[in-house]
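Step one of this worksheet: look at the structure below.
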There are 2 protein chains.
Amino acid sequence: MTRSEENYLKTIFHLGGGDAKSITTNAIAEQMETKPSSVTDMAKKLSEKGLVDYVRYQGVSLTDAGVKTALSIIRKHRLWEVFLVKKLDFTWDEVHEVAEQLEHIKSEKLIDKIDELLDFPKYDPHGDPIPTKDGKFQERDEKLLSEIPINSQGVCVGVKDSSVPFLKFLDKNKIALGNTIKVLDKEDFDNSLRIQMEGKEMRISHQIAANLYVKKNN
Amino acid sequence: MTRSEENYLKTIFHLGGGDAKSITTNAIAEQMETKPSSVTDMAKKLSEKGLVDYVRYQGVSLTDAGVKTALSIIRKHRLWEVFLVKKLDFTWDEVHEVAEQLEHIKSEKLIDKIDELLDFPKYDPHGDPIPTKDGKFQERDEKLLSEIPINSQGVCVGVKDSSVPFLKFLDKNKIALGNTIKVLDKEDFDNSLRIQMEGKEMRISHQIAANLYVKKNN
DNA sequence: ATCTATTTTTAGATTTGTCTAAATTTAATT
DNA sequence: AATTAAATTTAGACAAATCTAAAAATAGAT
Ligand SMILES: [Mn+2]
Ligand SMILES: [Mn+2]
Ligand SMILES: [Mn+2]
Ligand SMILES: [Mn+2]
């Protein structure tokens with residue numbers, strides 16, 4: 001399994017190809033910042049290896065073996081992210097790039113020991129669930145902050161957009177995972193929200209609210 | 001800097017190419033388990049990049065830039081080995097293979113934080129010195145156990161051969177770094193030694209003694 | 001100094017992963 | 001049903017890293 005193959009499987013999974021849904025060549029190419037023709041070449045190779053189902057002109061989806069491999073890469077990525085934050089004091093906007101490299105280290109013992117060292121975390125620094133060793137996800141009942149009703153409240157548990165600028169924006173505004181947020185009011189004009197968070201009141205734009213996951217209380 | 005380039009620089013350094021000494025194509029090829037023709041190709045490339053001095057038919061030596069790069073890879077390798085042993089309970093015969101991968105991770109912050117987490121170790125699990133960030137070695141006055149006189153004693157500080165079988169042999173015989181060893185007697189016939197170690201007496205072959213470094217007490 | 005064995009390099013091929021440009025297929029529109 | 005636009009694949013090329021086989025250079029031995 002080459003690094004490139006692993007990256008393709010991971011991308012296909014993230015685009016939804018784990019549910020027998022066909023992912024188009026173009027979608028994969030765009031996500032990976034490569035050319036559709038390169039994706040076609042790789043689709044053939046992964047198909048040969050039994051990791052994807054590929055129908056010419058129709059796109060690819062992951063086989064069971066492909067899902068399993070993708071989940072093991074994602075597991076490694078997220079565990080390394082937790083390690084970097086918890087053990088090496090990286091900030092949550094610094095970890096992704098390094099984890100992109102670390103996720104390809106080949107040693108089952110290594111990642112199991114990292115998992116143990118971290119006391120088997122269930123979520124990564126961005127609130128994304130960490131698949132278990134046998135490929136199961138910790139599902140969670142979460143909603144976008146923009147989609148919960150006025151006067152309801154929840155705990156911030158994840159980000160939809162985990163780009164560096166967004167994460168830095170959240171830091172600057174002291175919005176962190178674990179914070180309890182109550183929606184006080186919604187502005188019809190621009191869909192911005194007035195919220196109460198950790199005692200303080202503030203206003204956030206729809207774009208922010210639509211990229212924060214909360215777990216509703218009760 | 002590709003992974004392959006880094007591996008060549010590291011190998012050339014280990015073969016002594018850091019002291020302006022010319023290392024032959026064949027020596028490099030043998031060490032890396034590749035073909036001399038491949039080494040020639042890489043020699044040209046590294047020479048182009050100013051990392052080695054290469055004279056056709058004469059071999060290569062590292063430039064200052066080449067030494068610097070080699071040391072940074074070796075630093076990473078050895079720090080990761082310490083990490084694996086100290087933080088993840090790997091045994092000293094398990095770490096090399098994984099460190100061969102981890103040494104190529106590109107993130108200065110990562111290795112500096114690992115260094116800090118480990119409290120800036122000076123030696124790796126095999127007793128090899130860890131270069132500092134600015135490329136200096138912690139030299140140590142060490143001798144092979146086979147070369148110290150009868151009735152002298154020293155602390156075991158390193159292994160010359162760090163192959164898995166040798167390390168496992170040492171474990172099995174409870175010979176560990178840090179142990180104090182006294183040479184009681186030398187057998188002329190086969191150069192084997194009678195030693196006293198941590199209270200116990202034992203006999204070890206010349207081959208073993210010639211692969212153990214000790215730091216003589218006074 | 002010449003021959004010879006060894007080392008080293010060159011030339012040409014292969015694999016992996018990528019690209020561009022052209023051809024093909026599909027999907028949408030008249 | 002025919003046309004057109006968009007998506008996808010094919011064909012051919014390229015860079016990196018490797019190999020084999022042949023050619024060239026070096027070093028050792030007479
Ligand atoms: Mn990430
Ligand atoms: Mn993440
Ligand atoms: Mn090692
Ligand atoms: Mn070592």
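Quick note on labels: first sequence line is chain A, next is B, and so on, each numbered from 1. All values below come from the heavy atoms of this structure, side chains included, with hydrogens, waters and symmetry mates left out.
Between B:E33 atom CD and D:dT18 atom P the separation is 13 Å, expressed in whole Å. Put simply, CG on B:D41 is 17 Å from P on C:dT15, counting in whole angstrom units. Whole-Å rounding puts the A:R3 CZ to C:dT15 P distance at 23 Å. A straight line from CD of A:E5 to C1' of C:dT18 spans 14 Å, rounded to a whole angstrom. Atom CE of A:M32 is separated from atom P of C:dC19 by 10 Å (rounded to the nearest Å). The distance between atom CD1 of A:I23 and atom P of D:dT8, rounded to the nearest whole Å, is 11 Å. Distance, B:K44 NZ to C:dT8 P: 14 Å, rounded to whole Å. Rounded to whole Å, atom C1' of D:dT8 lies 15 Å from atom CD of A:E30.
When distances are taken from the side chain of B:Q58 to each of D:dT26, C:dT26, D:dT18, the shortest belongs to D:dT26. Relative to the side chain of B:N26, the nucleotides C:dT7, C:dT16, C:dT18 differ in distance, and C:dT7 lies closest. When distances are taken from the side chain of B:T40 to each of D:dT9, D:dT10, C:dT10, the shortest belongs to C:dT10. Proximity note for B:K35 (side chain, C-beta onward) versus C:dC19, D:dC19, C:dT26: the nearest is D:dC19. Closest approach to the B:M42 side chain among D:dT18, D:dT10, C:dT9 is made by D:dT18 (side chain taken as heavy atoms from C-beta onward). For A:Y8, whose side chain is taken as the heavy atoms from C-beta onward, the closest listed nucleotide among C:dT18, D:dA16, C:dT16 is C:dT18. Ranking D:dT9, C:dC19, D:dC19 by closeness to the B:T34 side chain, first place goes to D:dC19. Listed nucleotides D:dT9, D:dA24, C:dT18 differ in distance to B:Y57; the shortest reach to its side chain belongs to D:dA24.
Between B:K133 and B:D115, no side-chain nitrogen of the basic residue sits less than 4.0 Å from a carboxylate oxygen of the acidic one, so the salt-bridge criterion is not met. Residues A:E5 and A:K49 are paired through a salt bridge, judged by an N-O separation under 4.0 Å between the basic side chain and the carboxylate.
Both A:T2 and B:T24 lie close to DNA chain C; mapped to their nearest nucleotides by heavy-atom distance, the more 5′-ward contact belongs to B:T24.
Side-chain contact, A:D124 with A:W92: no donor N or O sits under 3.5 Å from an acceptor N or O. For the residue pair B:Q31 / B:H14, no side-chain donor-acceptor distance below 3.5 Å is found, with atom types taken as modelled.
For A:R56, a side-chain nitrogen or oxygen approaches OP1 or OP2 of D:dT10 to under 4.0 Å. Residue A:S37 places no side-chain N or O under 4.0 Å from the OP1 or OP2 atom of D:dT9.
In this structure, B:S4 reaches the sugar-phosphate backbone alone: every heavy-atom distance under 4.0 Å involves primed, P, OP1 or OP2 atoms, never a base. Using a 4.0 Å heavy-atom distance criterion, A:T25 is classed as a sugar-phosphate-only contact.
Taking 4.5 Å as the limit, every side-chain heavy atom of B:S61 sits out of range of all side-chain heavy atoms of B:V52.
With a 6.0 Å cutoff to the six-membered ring centre and a 45° limit on the axis angle, A:R140 counts as a cation-pi contact of A:Y123.
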